[in-house]
Protein chains: 2
Amino acid sequence: MNKVSEKTIERISLYRRRLVSELAESDFVLSRHLADISNSTDVQVRRDLMHLGCKGAPRKGYSTKELLKSINSFLDPIKSKNVIIVGLQNFSRSIFSVFKDRKQKLSLVACFDIDESKVGTSIDGIPCYHIDNLSSKIKEMNVNIGILSCSDSNAQSVSDMMIVAGIKSIVNFTCHPLNITRSDIYIEQIDITAAFEKAAYYSKSILFNADKINKINKIK
Amino acid sequence: MNKVSEKTIERISLYRRRLVSELAESDFVLSRHLADISNSTDVQVRRDLMHLGCKGAPRKGYSTKELLKSINSFLDPIKSKNVIIVGLQNFSRSIFSVFKDRKQKLSLVACFDIDESKVGTSIDGIPCYHIDNLSSKIKEMNVNIGILSCSDSNAQSVSDMMIVAGIKSIVNFTCHPLNITRSDIYIEQIDITAAFEKAAYYSKSILFNADKINKINKIK
DNA sequence: AACTCTTTGTGAAATTTTTCACATATAGGT
DNA sequence: ACCTATATGTGAAAAATTTCACAAAGAGTT
Ligand SMILES: NC(=O)c1ccc[n+]([C@@H]2O[C@H](COP(=O)([O-])OP(=O)(O)OC[C@H]3O[C@@H](n4cnc5c(N)ncnc54)[C@H](O)[C@@H]3O)[C@@H](O)[C@H]2O)c1
Ligand SMILES: NC(=O)c1ccc[n+]([C@@H]2O[C@H](COP(=O)([O-])OP(=O)(O)OC[C@H]3O[C@@H](n4cnc5c(N)ncnc54)[C@H](O)[C@@H]3O)[C@@H](O)[C@H]2O)c1
């Protein structure tokens with residue numbers, strides 16, 4: 001099977017959420033409808049779904065149940081992955097609720113901080129360890145995914161530690177974009193600075209999505 | 001001048017940050033060096049910088065001072081833009097520190113919540129109003145940019161209110177991706193769910209950035 | 001002042017992503 | 001049983017983005 005692009009993965013993630021929320025009641029969904037609620041086009045949806053090896057029926061669309069099952073087995077790991085988070089402050093506390101709310105194939109197993117006053121406490125039953133124990137705990141708990149939410153200045157060194165200890169994916173929320181040096185580690189940068197700067201840039205002019213929206217409307 | 005792609009804007013935002021941090025001491029920077037610290041390639045950097053109308057010198061590179069000036073005038077609005085944030089909880093508190101730390105061409109002027117216990121308080125001197133005042137305050141304070149960090153279930157309705165009131169850009173941090181219906185409004189979705197799902201997806205296999213990194217290494 | 005060597009700037013090629021166009025399938029009506 | 005209208009699935013075209021390849025510039029060297 002062909003390599004699936006990162007953008008496609010993102011869209012499929014969104015389709016799934018639409019399926020379990022807006023479309024939970026429907027037996028079938030049309031590519032057009034899924035496109036409408038995912039800021040996409042029907043062709044794009046069908047192209048994306050091609051990767052799942054899941055068939056739709058002409059005039060009926062896709063069985064939501066089948067489609068959901070295909071997406072699950074495409075996106076999700078077989079067995080749940082262990083996740084840790086470094087930096088226990090406001091930001092990470094908001095992440096906790098995300099993990100609490102949704103049953104993903106991800107389980108948050110520990111958090112780490114350098115601040116002695118936090119070490120030894122626990123939030124929602126998740127223990128907080130000192131950052132010095134990062135490496136040993138990662139190995140001990142078989143952690144695959146690390147969330148970075150420490151201070152910007154320590155982001156690079158903590159990520160280096162994570163990688164050495166065997167972590168495979170890092171979601172970096174700090175404002176310090178990491179240097180990607182290894183090809184076998186996935187690093188997702190949530191670049192909030194760039195987000196704000198883009199927002200400022202586009203608020204200057206008008207008609208950014210114009211092309212896209214015109215195209216979407218055209219076919220409606 | 002040709003239209004500049006969103007990806008290019010993102011990269012330019014990153015170049016700027018590298019210029020003011022890692023490169024603050026240097027008089028000149030080579031495209032190759034900027035590429036190295038921005039997970040990019042030298043050609044990509046030069047292509048991006050072409051849009052700025054700023055010239056580099058063969059064998060010397062780009063004057064960091066000049067380059068910074070060009071990027072500023074490209075990215076930043078002439079006069080500071082006013083920003084508001086809706087939803088005053090852990091997440092938005094972490095945003096506050098981002099605004100406090102960096103002097104951007106953005107000023108956070110107000111926040112809004114539906115929770116009466118928060119209304120009337122203020123954080124870092126920023127007042128919190130009731131969400132019912134959203135529209136009037138946006139107009140009164142001439143707000144251009146809105147940050148969404150309320151509960152997921154209210155994201156769509158709050159964003160609708162923002163748009164009706166005249167906001168031009170929305171940065172949506174909630175887990176509910178908004179439906180984009182207007183071409184004259186820029187919406188930046190920070191899709192944390194997709195981020196985690198991608199992290200899980202790629203932690204399954206190995207060698208994601210392989211191609212990219214191989215290419216970067218090849219030319220080093 | 002000529003030469004060399006490195007780096008910029010950019011057409012053109014390559015690659016990736018999206019869109020078009022249409023053959024194919026089939027539900028529902030008659 | 002046949003017709004029609006609507007959706008899917010996908011080669012092929014188009015558009016967007018990235019990379020290649022190399023001419024031109026000019027700093028440093030002899
Ligand atoms: N991407 C986003 O959406 C987003 C939004 C808000 C904030 N942020 C970023 O997230 C990060 C955290 O935000 P915050 O407001 O909670 O920040 P904060 O600075 O208040 O908290 C950082 C925490 O990390 C801990 N820490 C520092 N160095 C450490 C180390 N080496 N090892 C372990 N722990 C360490 C500190 O003790 C503190 O508890 C910041 O980088 C901020 O810029 C990102
Ligand atoms: N993108 C990211 O990086 C990221 C990270 C963490 C959390 N989040 C998301 O950010 C959002 C906020 O996170 P949190 O932990 O602070 O959430 P929270 O649910 O604890 O807080 C939401 C706040 O919004 C207020 N609110 C609810 N409805 C409102 C309305 N209609 N108008 C005004 N205010 C309203 C609530 O009173 C509360 O104060 C959530 O949607 C969460 O999923 C995003």
Among [options], find the nucleotide with the atom closest to the side chain of [X].
{"X": "B:Gln44", "options": "D:dT8, D:dT18, C:dG9", "value": "D:dT18"}
{"X": "A:Lys7", "options": "C:dT8, C:dT18, D:dT10", "value": "C:dT18"}
{"X": "A:Pro58", "options": "C:dA25, C:dT8, C:dA21", "value": "C:dA25"}
{"X": "B:Ser31", "options": "C:dC20, D:dG9, C:dT8", "value": "C:dT8"}

Does A:Arg11 make a side-chain N or O approach to OP1 or OP2 of C:dT18 shorter than 4.0 Å?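 So the side-chain polar atoms of A:Arg11 do come within 4.0 Å of the phosphate oxygens OP1 or OP2 of C:dT18, strictly under.
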So, OP1 or OP2 of D:dG9: does either fall under 4.0 Å of a side-chain N or O from A:Arg46?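 Checking D:dG9 against A:Arg46, no side-chain N or O comes under 4.0 Å of OP1 or OP2.
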What is the nucleic acid contact for A:Ser5, judged by heavy atoms within less than 4.0 Å: base, sugar-phosphate only, or nothing?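 A:Ser5: backbone/sugar contact only, no base atoms under 4.0 Å.
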Remember a base hit wins even if backbone is also touched, and classify B:Thr8 as base, sugar-phosphate or nothing at under 4.0 Å, heavy atoms.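 No contact.
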Rounded interatomic separation in angstrom, taking [atom1] from [X] and [atom2] from [N]:
{"X": "B:Leu52", "N": "C:dT8", "atom1": "CG", "atom2": "P", "result": "14 Å"}
{"X": "A:Lys55", "N": "D:dT10", "atom1": "NZ", "atom2": "C1'", "result": "10 Å"}
{"X": "B:Met50", "N": "D:dT19", "atom1": "CE", "atom2": "P", "result": "16 Å"}
{"X": "A:Asp27", "N": "C:dA27", "atom1": "CG", "atom2": "C1'", "result": "15 Å"}
{"X": "A:Glu6", "N": "D:dT17", "atom1": "CD", "atom2": "P", "result": "16 Å"}
{"X": "B:Asp42", "N": "D:dA21", "atom1": "CG", "atom2": "P", "result": "13 Å"}
{"X": "A:Asp48", "N": "C:dT18", "atom1": "CG", "atom2": "P", "result": "8 Å"}
{"X": "B:Leu67", "N": "C:dG9", "atom1": "CG", "atom2": "P", "result": "10 Å"}

Where is the tightest heavy-atom contact between A:Ile145 and B:Ala200, given as atom of each residue plus distance?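 What the structure gives for the nearest pair is CD1-CA, 3.8 Å.
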Report yes or no: is there a donor-acceptor pair, N or O only, under 3.5 Å between the side chain of A:Arg59 and the base of C:dA27?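 Result: at least one qualifying N/O pair found.
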When only distance counts, do a donor and an acceptor, one from the side chain of B:Arg47 and one from the base of C:dG11, lie under 3.5 Å apart?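 Check passes, donor-acceptor contact within cut-off.
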Salt bridge present between B:Arg16 and A:Glu197 (N-O < 4.0 angstrom):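 So B:Arg16 pairs with A:Glu197 through a salt bridge.
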Is the closest basic N to carboxylate O distance between B:Arg17 and A:Asp191 below 4.0 Å?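 The answer is yes: the pair qualifies as a salt bridge.
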Any residue meeting salt bridge (charged side-chain N to carboxylate O under 4.0 Å, His left out) with A:Arg47, in chain and number order, not counting sequence neighbours: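 If we apply the salt bridge (charged side-chain N to carboxylate O under 4.0 Å, His left out) test to A:Arg47, skipping adjacent residues, there are no hits.
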Listed partners of A:Arg93 passing salt bridge (charged side-chain N to carboxylate O under 4.0 Å, His left out), at least two apart: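 So A:Arg93 forms no salt bridge (charged side-chain N to carboxylate O under 4.0 Å, His left out) with any residue.
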